[in-house]
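Because only heavy atoms are used, hydrogens play no part in the values below, and waters and symmetry mates are left out as well, while side chains stay in. All chains are named by letter (A, B, ...) in the order of the sequence lines, taking the proteins before the strands, and each is independently numbered beginning at 1.
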Amino acid sequence: MRRDVVLVGLLWVLATLVGEYVVSTLDIYPPKAALEAEHIDQAIRTLLMLAVPVFNFVVVVMLYSIWRFRARDEAEVGEPIYTHRTFTVGWLVVTSALAAVLFYNPGYVGWKFLKSNPTADLEIQVTAAQWHWHITYPDYGVSLKSRPIGFARIEENPVLALPAGKRVKFEVTSDDVIHSFWIPALRMKVDAVPGVVTTMYVTITETGSYEEDAVFRVQCAELCGTGHPRMTMPVVILEPEEFEDWIKQQQMQEAMGGSMEGMEKQGDGH
Amino acid sequence: MLPVFRGLMWGVIGFLIGGGLTALIRGVLGLEPWVFGSVFLVGYLFGLAGWLLGVGVWDTWMREFLGLEPRPYQAEGWRRYFGFTTDHKVIGIQYGATFLGMFFLAGLLAMMMRIELMQPGRDIFNFAQYNRVMSLHGFLMVLVAVTAIPGMFGNYFVPLMIGAEDMAFPRMNALSFWIWPPAAILLLLSPFFGGWDSGWTGYPPLALTNDPGQMFYNLAFFTGGLSSVVGSINFLTTIITMRAPGMTWGRLPIFVWSIFMTSIMSLTATQFVGVAMLMTVLDRVANTAFFDPARGGYPLIYQHIFWFYSHPAVYVMMMPAWGIMLEVLAHFARKPLFAYKWAVAGFGGVTALSFAVWAHHMFTSGMPETLHVPFMATTESISVPTGLIFLSALGTLWQGKLRFKTPMLFALGGLFNFLIGGITGVFNSDLPADVHLHDTFWVVSHFHYTIVGGAIFGLFAGIYYWYPKMVGRMYSERLGRLHFWLMFIFFNLVFLPMAWLGLHGMNRRIGDYPPELGGVNAFVSISAFILGASFLIFLYNMVMAWARGPVAEANPWGARTLEWATSSPPPVHNFPAVPQVLSGPYDYGVPEAGVHAAVPVES
């Protein structure tokens, strides 16, 4: 019995050391381009690190029992252990403490961070409808619309440009059913609810584009009907000067007439 | 005529009467008579009543009321499985056959989805068809997960395990089963009427503006919910009042405890989803505007009401499976269930907390921000009572004498899968992580790990554990093990990569995805086909055993609980006389404990 406890303890420590090394170094995260994304990836990493000892404890005890406590003949019965006061109370204390820890960090702390700064350098209005996005930059009088009929391939849609190094406020709403505005590279999403304006603040940090990785895209993330999978737009994140150029280009196009919807793709800054 | 056919006939007649009357009234009022919504709704309600009438659910009361001789119940032969009967064992098998059928059908739909998702682009379905296949798969599987274990094993084994002759309300028990076929028929017919594309969650306003096939979902959910409520009243009453002498609460087998707690949740939460369905239907057919923002409604209310049931519902799926796993672990480790009272407390804690976590499905929905942190707190604290289940399971294995028969393999595999399901769930409960992971394949991975990996593995542990008792024959252990290893390995190969896919920007409920994710999806699909094929081994094994397996003894596992103290399968009234319970159900290796119960041989 004592030998079993010591062995399981050793195996658990060993497995946990290996596991912690793996989850803290393993790079399973797609490219990211926002301060919020760094915090969210860090939250996921922290949760993985907290999960390792728990996962390992259960698995080590299970595997050790499977290996060590086999019945050798039909008549054998196990030790009649009904309960173990220290172990059960200890289990309750440890699991409660763990729940409290992960509630505080990354949960509460991370959420406070995401909600801490309701200011922005740039405001973008997003209106979702079956099955397209209508994006407006009210400060510049520029607006983009993905193809009104769904099922367009993402490359056929206009590009949503964002400036690196700026804090952006998205004001999101919907014309018909519930949609969800998600840019995986920013790790942020918020639902587009008809009759309600939801907001999302993101501090953009890096440049990037859909050509580099598909996480640089707007994706509807709430089932909204037939065109749902293709309710997408490419995203490009530009240096602020490039972004200003892009805006000027868009303004020129708008001045030339709004009927050139098919031409909006020229807005791609790359 | 078999009662099912009589039921079908009266169901159709009822449908025509109800629908015809509605059209007539509409015509008289000067409205367009044949509109799908209200004609279908009233037709269905009449059809449901006609079905129950024809199948014989009201026979006793109606015939007595009309002064006729009551018809005797069919108690012998294969015909009793196709009609109204009060024998809880027959009802259990009726439930089992119905829901395993639905399980395999929904599994085939999953295979079709994986064919579509094997590579990016549109392959075998257009997006509209994919959404419909996905919705039907999801909803059928939810119904299976909620109902299969309580319906099949709860009905069959709760009375046996507590030493009772039948359920407390045998006719209500039959009613709870016979409500199901109309719901199943609705769902099977739905593809022929266009199906519905709003998933198993049916969020408005999409559910208000999409095709009329949406109503099939709403009415089926409402009907199934009714059965849940009726069934859980019966379980609670049975467990409270029908326990054999000596079967104290402290000696109740853990599976019975799990059904008890599950029934508390079903009884008190299901009404909410019924209301959500009803409000959607009224918005569609009666011009109410509960959820239509254009006319003053508020769509998020639906999500609150829906999840107020549907989160407890996931514990309704999971808890009976925990019950089976703990039951199997104790018997196959030949050890008392470790920390029995703590495990029961765990069930109780999960039951209580399950009502206070629903809004974690809505972290990105735009609900008021005062709700987020409290719901994160309640959700994360539910890991503590859940942890007590693991405490009990691990403690039971420790210093046991383990027998690795098929049910034990499924219990251990289910425990491992649920561990991953639980851990991935913590990420979803965490606000910052969930902002990214919500509505992605991470969530698909998470809930398949809990519901398939946990609840369905528990269901199969139960099937392999109780098959000899229910059928009276033994299956091939070798094929059972082969099924387990294929199912366990390929289950993990299907659903673990899905977590990666979600993290990398693949959202759920889509018939197409970015080309970069094609490789992993192809791997997932191929694994899924092998996972699907593993069930053919199961079916072959079960059918062969049923046809010509060796006759099972009364107690092939040497387990202590009462269902093994009677013949396989048990006689109509279970025990020759009322058993006398003398000690705990898991007192293995306790010399002074003696047998669990004394069953008089002759009455």
Side-chain angles (χ1 to χ4, degrees), chain A residues 1 28 30 39-40 43-44 47 51 54-55 58 61-62 65-66 69-71 76-83 88 91 95-96 99 102-103 106-108 110-111 114 151 176-178 180 182 184 187-191 193-196 198 214-215 219 221-230, chain B residues 127-128 131 197-199 203 205-206 209-210 293 299-300 333-336 338-339 342 364-366 372-373 376-377 380-381 383-384 387 390-391 394 397-403 412 419 423 426-427 430-433 435-436 438-439 500 503-505 507 509-512 514 516 588-590:
Chain A
M1 176 84 167
I28 49 166
H39 279 77
I40 287 170
I44 294 173
L47 289 173
V54 178
F55 178 81
V58 176
V61 173
M62 273 174 80
S65 305
I66 289 170
F69 305 131
R70 297 176 163 270
E76 273 192 313
V77 289
E79 291 277 317
I81 310 166
Y82 284 101
T83 185
T88 46
W91 177 285
T95 52
S96 305
L102 66 88
F103 165 77
Y108 182 74
W111 182 248
L114 293 184
F151 332 139
D176 39 43
V177 304
I178 298 174
S180 188
W182 180 38
R187 307 283 192 277
M188 294 288 280
K189 70 165 72 69
V190 71
D191 284 8
V193 184
V196 177
T198 50
V215 293
Q219 170 75 57
E222 182 65 60
L223 181 60
C224 60
T226 307
H228 172 56
R230 293 264 175 94
Chain B
F127 294 150
N131 285 347
D197 62 352
S198 55
Y203 280 7
L206 179 61
T209 56
N210 56 0
L300 290 193
R334 288 288 192 280
K335 252 191 90 207
F338 184 76
W342 292 74
T364 65
S365 70
H372 291 74
V373 172
M376 174 169 68
E380 289 177 346
S381 58
S383 64
V384 176
F390 278 96
L391 166 76
L394 295 182
L397 292 175
W398 190 249
Q399 305 292 329
K401 292 291 174 199
L402 275 51
R403 288 138 166 86
L412 290 169
L419 175 65
I423 286 174
V426 172
F427 291 72
D430 182 78
L431 280 166
V435 172
H436 179 54
H438 179 71
D439 258 325
W500 184 91
L503 192 59
H504 283 250
N507 51 317
R509 297 167 157 178
I510 44 166
D512 189 17
E516 283 96 323
Y588 293 102
V590 187

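- Using a 4.5 Å cut-off between heavy atoms, A/Val196 touches chain B through its side chain atoms alone.
- Looking at every heavy atom in both residues, B/Ile423 comes nearest to A/Ala51 through CG2-CB, 3.5 Å.
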Check your understanding: Run the side-chain contact (heavy atoms from CB on, under 4.5 Å) check on A/Phe103 and B/Met376 step by step: do they pass?
Key -> CA-CA 7 Å; A/Phe103 165 77; B/Met376 174 169 68; 3.7 Å; yes
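- Most heavy-atom pairs under 4.5 Å with chain A: of the set B/Pro205, B/Gly505, B/Pro432, this distinction falls to B/Pro432.
- Considering every non-hydrogen atom in both A/Pro80 and B/Pro336, the closest pair reads CA-CD, 3.7 Å.
- Most heavy-atom pairs under 4.5 Å with chain A: of the set B/Val426, B/Val590, B/Asp512, B/Asn210, this distinction falls to B/Asp512.
- When A/Ala99, A/Gly195, A/Gly110, A/Gly107 are compared by the number of non-hydrogen pairs under 4.5 Å with chain B, A/Gly107 comes out ahead.
- Heavy-atom distances place both the backbone and the side chain of A/Leu223 under 4.5 Å from chain B.
- Between chain A and the residues B/Tyr203, B/Trp398, B/Tyr588, the largest count of heavy-atom pairs under 4.5 Å involves B/Trp398.
- In this structure, chain A has a heavy atom under 4.5 Å from the side chain of B/Asn131, while its backbone stays farther away.
- With rounding to the nearest 0.5 Å, the separation of CZ in B/Phe427 from CD1 in A/Ile40 is 13.5 Å.
- The two atoms that bring A/Glu222 and B/Arg509 nearest to each other are OE2-NH1, 4.4 Å, heavy atoms only.
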Review point. How far apart are the C-alpha atoms of B/Leu503 and A/Ile44, what are their side-chain angles, what is the distance that settles it, and do they pass the side-chain contact (heavy atoms from CB on, under 4.5 Å) test?
Key: CA-CA 10 Å; B/Leu503 192 59; A/Ile44 294 173; 3.7 Å; yes
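- In this structure a side-chain-to-backbone donor-acceptor pair under 3.5 Å is missing from B/His438 to A/Val190.
- Within the 4.5 angstrom heavy-atom criterion, only side-chain atoms of B/Thr209, from C-beta onward, approach chain A.
- Note on B/Ile510, B/Asp430, B/Val384: by heavy-atom pairs under 4.5 Å with chain A, the leading option is B/Asp430.
- Chosen from B/Ala128, B/Ser365, B/Gly199, the residue pairing most often with chain A at heavy-atom distances under 4.5 Å is B/Ser365.
- Chain A forms more heavy-atom pairs under 4.5 Å with one residue of B/Lys335, B/Arg403, B/Arg334, B/Gln399 than with any other, namely B/Gln399.
- Looking at B/Leu300 and A/Asp191, their side chains never come closer than 4.5 Å, going by heavy atoms from C-beta outward.
- Considering all non-hydrogen atoms of both residues, A/Thr88 and B/Ala339 come closest at CG2-CB, 3.9 Å.
- Annotation: side-chain hydrogen bond (donor to acceptor under 3.5 Å, both in side chains) contacts of A/Gln219 (sequence neighbours excluded): A/Arg217.
- Between atom OG1 of residue A/Thr95 and atom CG of residue B/Leu391 there is a gap of 8.5 Å, rounded to the nearest 0.5 Å.
- In this structure, the portion of B/Glu516 lying under 4.5 Å from any heavy atom of chain A is its side chain and not its backbone.
- Scanning all heavy atoms of the two residues, the minimum distance from B/Leu412 to A/Met62 falls at O-CE, 3.3 Å.
- Side-chain contact check for A/Trp91 versus B/Leu394: some heavy-atom pair is nearer than 4.5 Å.
- Within 6.0 Å of OH on A/Tyr108 lie no more than 12 heavy atoms contributed by other residues, nucleotides or ligands.
- A distance of 7.0 Å separates CD1 in A/Ile66 from CG in B/Leu397, rounded to the nearest 0.5 Å.
- For B/Leu206, the parts lying under 4.5 angstrom from a heavy atom of chain A are both the backbone and the side chain.
- Looking at residues two or more places apart in sequence or on another chain, you find a salt bridge (charged side-chain N to carboxylate O under 4.0 Å, His left out) between A/Glu76 and B/Lys401.
- Separating the NZ atom in A/Lys189 from the NE2 atom in B/His436 is a distance of 6.5 Å, to the nearest 0.5 Å.
- Only the side chain of A/Thr198 comes within contact range of chain B, with heavy atoms under 4.5 Å apart.
- Closest of all the heavy-atom pairs between A/Leu47 and B/Ala433 is CD1-CB, 4.4 Å.
- Taking A/Ile81, A/Val54, A/Ile178 one by one and counting their heavy-atom pairs under 4.5 Å with chain B, the maximum is reached by A/Ile81.
- Note on ring orientation: taking the six-membered ring where Trp is involved, the planes of B/His372 and A/Trp111 are parallel (angle under 30°, cut-offs 30° and 60°).
- Looking at A/Val58, the atoms closer than 4.5 Å to chain B (heavy atoms on both sides) sit in the backbone and in the side chain alike.
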